[in-house]
Amino acid sequence: MRKICLFCAAIALIACFDLPTAYYTFLRIVITIGAIAIIIKETQKDVNLIGIAFIGIAILFNPIIPIHFFEKSIWISIDIFSAILFLIYGFKETKN
């Protein structure tokens, strides 16, 4: 799980740059899959704040019904916040 979290964090941070549309489609797919994996793992334990946060990430990044914010600065904030959450979760998992 740690490698998935680190990969998701890295691609979310890379998304802060001006990149082609195909990258953002790739980002949506990978982040959604990573968030769903964490949601599944967390709901096996109990519903908690981490699971709820990743549900929000999965909704924001879902590639099926994409949410479009027309300001790049909004997405940069979301990308950085998502990367931080994936990093926190990835390093939290290594301690358990």
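- Ile76 and Ile84 fall within the same hydrophobic cluster, where Ile, Leu, Val, Met, Phe, Trp and Tyr residues are linked whenever their side-chain heavy atoms come under 4.5 Å apart, directly or through other members.
- For the pair Phe61 and Thr32, the tightest heavy-atom approach, listed with the atom from each and the gap, is O-OG1, 3.1 Å.
- Listed here is the closest heavy atom pair of Leu60 and Arg28: O-NH1, 3.3 Å.
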Using distance only, find each side-chain donor-acceptor pair of residues 66-74 under 3.5 Å and give its atom names and separation, not counting sequence neighbours.
from: Lys72; atom 1: NZ; to: Ala15; atom 2: O; distance (Å): 3.0
from: Lys72; atom 1: NZ; to: Phe17; atom 2: O; distance (Å): 3.3
from: Lys72; atom 1: NZ; to: Tyr24; atom 2: OH; distance (Å): 2.8

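- Gly34 and Phe86 get closest at one heavy-atom pair: C-CE2, 4.0 Å.
- Here the closest non-hydrogen pair linking Glu42 and Asn48 is OE1-ND2, 2.7 Å.
- Side-chain contact between Cys8 and Val30: present, with at least one pair of heavy atoms (C-beta onward) separated by less than 4.5 Å.
- Grouping the Ile, Leu, Val, Met, Phe, Trp and Tyr side chains by contacts below 4.5 angstrom, directly or via other members, places Leu87 apart from Ile33.
- Hydrophobic clustering keeps Leu13 apart from Ile29 (ILVMFWY residues linked when any side-chain heavy atoms are closer than 4.5 Å, directly or through intermediates).
- Closest heavy-atom contact between Leu85 and Phe54: O-CZ, 3.7 Å.
- With values rounded to the nearest 0.5 angstrom, Ile57 atom CD1 is found 12.5 Å from Ile52 atom CD1.
- A continuous path of hydrophobic side-chain contacts links Ile59 to Ile39 [ILVMFWY only; heavy atoms under 4.5 Å].
- The cluster map of Ile, Leu, Val, Met, Phe, Trp and Tyr, joined by side-chain heavy atoms under 4.5 Å apart, puts Ile36 and Tyr89 in different clusters.
- Of all non-hydrogen atoms in Ile38 and Cys5, the two that sit nearest each other are CD1-SG, 3.8 Å.
- Distance check: Asp79 CG to Ile11 CD1 gives 9.5 Å after rounding to the nearest 0.5 Å.
- Rounding to the nearest 0.5 Å gives a distance of 8.5 Å between CD1 of Ile31 and CZ of Phe7.
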